[in-house]
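In what follows, residues are counted from 1 in the order of the sequence shown. Note that ligands are numbered from 1 as they come in the structure, with each ligand's atoms numbered from 1 the same way. Here the structure is a predicted model, which is why all the values come from computation and not from measurement. The analysis underlying the following values was restricted to heavy atoms, covering all of them including side chains, and did not include hydrogens, waters or symmetry mates.
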Amino acid sequence: MKFMILKKSQALPAILFGLLGAFAPLSSHVEAAGAFEKFVDPLPIPPVVDLSQEMNWGDTADLTMTIGQFQTSFHRDLPPSPSWGYNGSSPGPTIIVAKGQKLRVHWQNQLPMAHIFKLPAGLSRMCSMPDVRTVTHLHGAVVEQPGIQDRVHDNDGWPDAWIVPGQEQISEYPNDQDARMLWYHDHAMASTGRNVAAGLVGAYLIRDDFEQFLNLPSGDYEVPLILQAMGFNGDGSRYYTTDISNEFYGNTVAVNGKLWPYMNVEPRKYRFRILNASNARAYAMKLVDLTTHEAGPAIYQIGTDGGFLDNTLTLNDPGNPDSPRLNLAPAERADVIIDFSQFGGKNLLLQNNSLDPGDGEMPLPQIMLFKVGPQVLQPDTSSLPMQLRPIPAIPPETAVTTRRITLQQTQAGNMQMMLLNGKSWSDPITETPILGTTEIWELVNTTTSMHPFHIHLVNFQVLDNRPFDLAQYGNNGQITYAGAAQPPDPNQVGWKDVVQVQPGTVTRIIMTFGPYAGYYVYHCHILEHEDMDMMRPFQIVSPYP
Ligand code: C2O
Ligand code: CU
Ligand code: CU
């Protein structure tokens, strides 16, 4: 388990950092800036590009997004430091479109020739590629990707089709999907972790009539929360992992680009669009009173990666101690409603207890603060629906093929790698589903940690999770089941494009491949795993000549 040992040693300064609770003792620089306080910066809201009101149906709107470097301050007491982002912002602007409204984005690489972060050890085989390269993927989008050679016209963001400073990627998004939250981020082969950590993320919302009809909190009462683990050195500069075998957990968490921000809210309902844009860190969240630690309001989850749930999930029900937390792995999204109306005058902490002790991750129990004001500006007329959009279950017997994808840790020379079915990104394609057909994929996690597994183009449903004996597997390479199949967890229900596959578990998912034939990608969304070849191409094949 070389992965773990490396992680522990690397995490040591980070743990010290956490125990000291402040940057101060580690650096005269930050010491001079005073104590590093939490909840002193207001939550920033990324700029919004709302195209959903332009009813030029049939036309394709054009949008230019420049990808560049700029200076930003992540906290009141930190000096500005370099960030990457879109149109001068990280997270980039929230793009909002209406369902069916076509959008063409010109992603222009205007980055400098040098990266913010050094190339991590283990990726030296990538030295032949330019250090600064990016390709943008709209995560969760249904787009056509017929070929993989064209760097200019690239809709899905093929990992090898990166562009260098001065070049442009043109992507067309039909947006022919029901209301949901997508997100755009870098996807450059063997540089995604570094580029995303540098700031290349942004939210993208599709709206539809059904959503309108639900009368959810909107306008100022609908707020994106984009969580990113970040790593800060004692001098206030940022770090990224120096060895790709170490997942990048960071030692702080930023929301919308600020560390430990606060948000002033009215005592009423809000809708939060939450995205975990962290490289490797998962969060399990609830709301508690900052001073008394009493339970805060419930988190009502109305949507997930693929849009609305069929029924609202009540998480962190204050009346039920067994009620699950809001659990988000990298790349997962949650659409939630929180009703602050009974909490006027309180300071509510968004608290996290997710920690994988084996991974040497330092805990980050505090994410952000909601300061609930004494009264509303105007009466809250929005709704909290308990029934949402029906989700027809895909019948398992309609699957024409069952494939097994084994998530495994392998020794390659003197390097540890995370692979899928023992294959690298550049190995020939092995999954060729036929357009329009349904398949079951059995995701077999033979490693000792959770992997958030993602497939491009399709949404899937989780059928079940079944534990197997990891020790046995280590001895004989056989899957010996250690219990019965369990139904999906609360964070696995609804339409998903990312699923948490727990160690020693077979998670079965079902999906129909379409509506386009072509080349797509599936991978682990821990970005250091993805960069180290836990990513594979697949091809949807048309049954017609
Ligand atoms: Cu969020 Cu292939 O990516
Ligand atoms: Cu994706
Ligand atoms: Cu992984």
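With rounding to the nearest 0.5 angstrom, the OG atom of Ser424 is 10.5 Å from the CE atom of Met535.
Closest N/O/S atom of His451 to the Cu ion (ligand 3): ND1. Closest N/O/S atom of His139 to atom 1 (Cu) of ligand 1: ND1. Considering just the N/O/S atoms of His137, the one nearest the Cu ion (ligand 2) carries the name NE2. For His529, the N/O/S atom at the shortest distance from the Cu ion (ligand 3) is named ND1. Restricting His525 to its N/O/S atoms, the shortest distance to atom 1 (Cu) of ligand 1 is reached by NE2.
Of the candidates His525, His454, His137, His525 is the only one forming a ring-ring contact (aromatic ring centres under 6.0 Å, His included) with Trp183.
Looking at Arg389 and Asp310, no side-chain N of the basic residue comes within less than 4.0 Å of a carboxylate O on the acidic one, giving no salt bridge. Glu439 and Arg403 are joined by a salt bridge, as a carboxylate oxygen and a charged side-chain nitrogen come within less than 4.0 angstrom of each other.
Between atom 1 (Cu) of ligand 1 and His454 there is no N/O/S contact shorter than 2.8 Å. The nearest N, O or S atom of His525 is not closer to the Cu ion (ligand 2) than 2.8 Å. Contact annotation: His187 places no N, O or S atom under 2.8 Å from the Cu ion (ligand 2).
Using a 30° and 60° split on the angle between ring planes, Phe453 and Tyr522 fall in the tilted class, from 30° to 60°. Taking the six-membered ring where the residue is Trp, Tyr240 and Phe117 present tilted rings, their angle falling between 30° and 60°.
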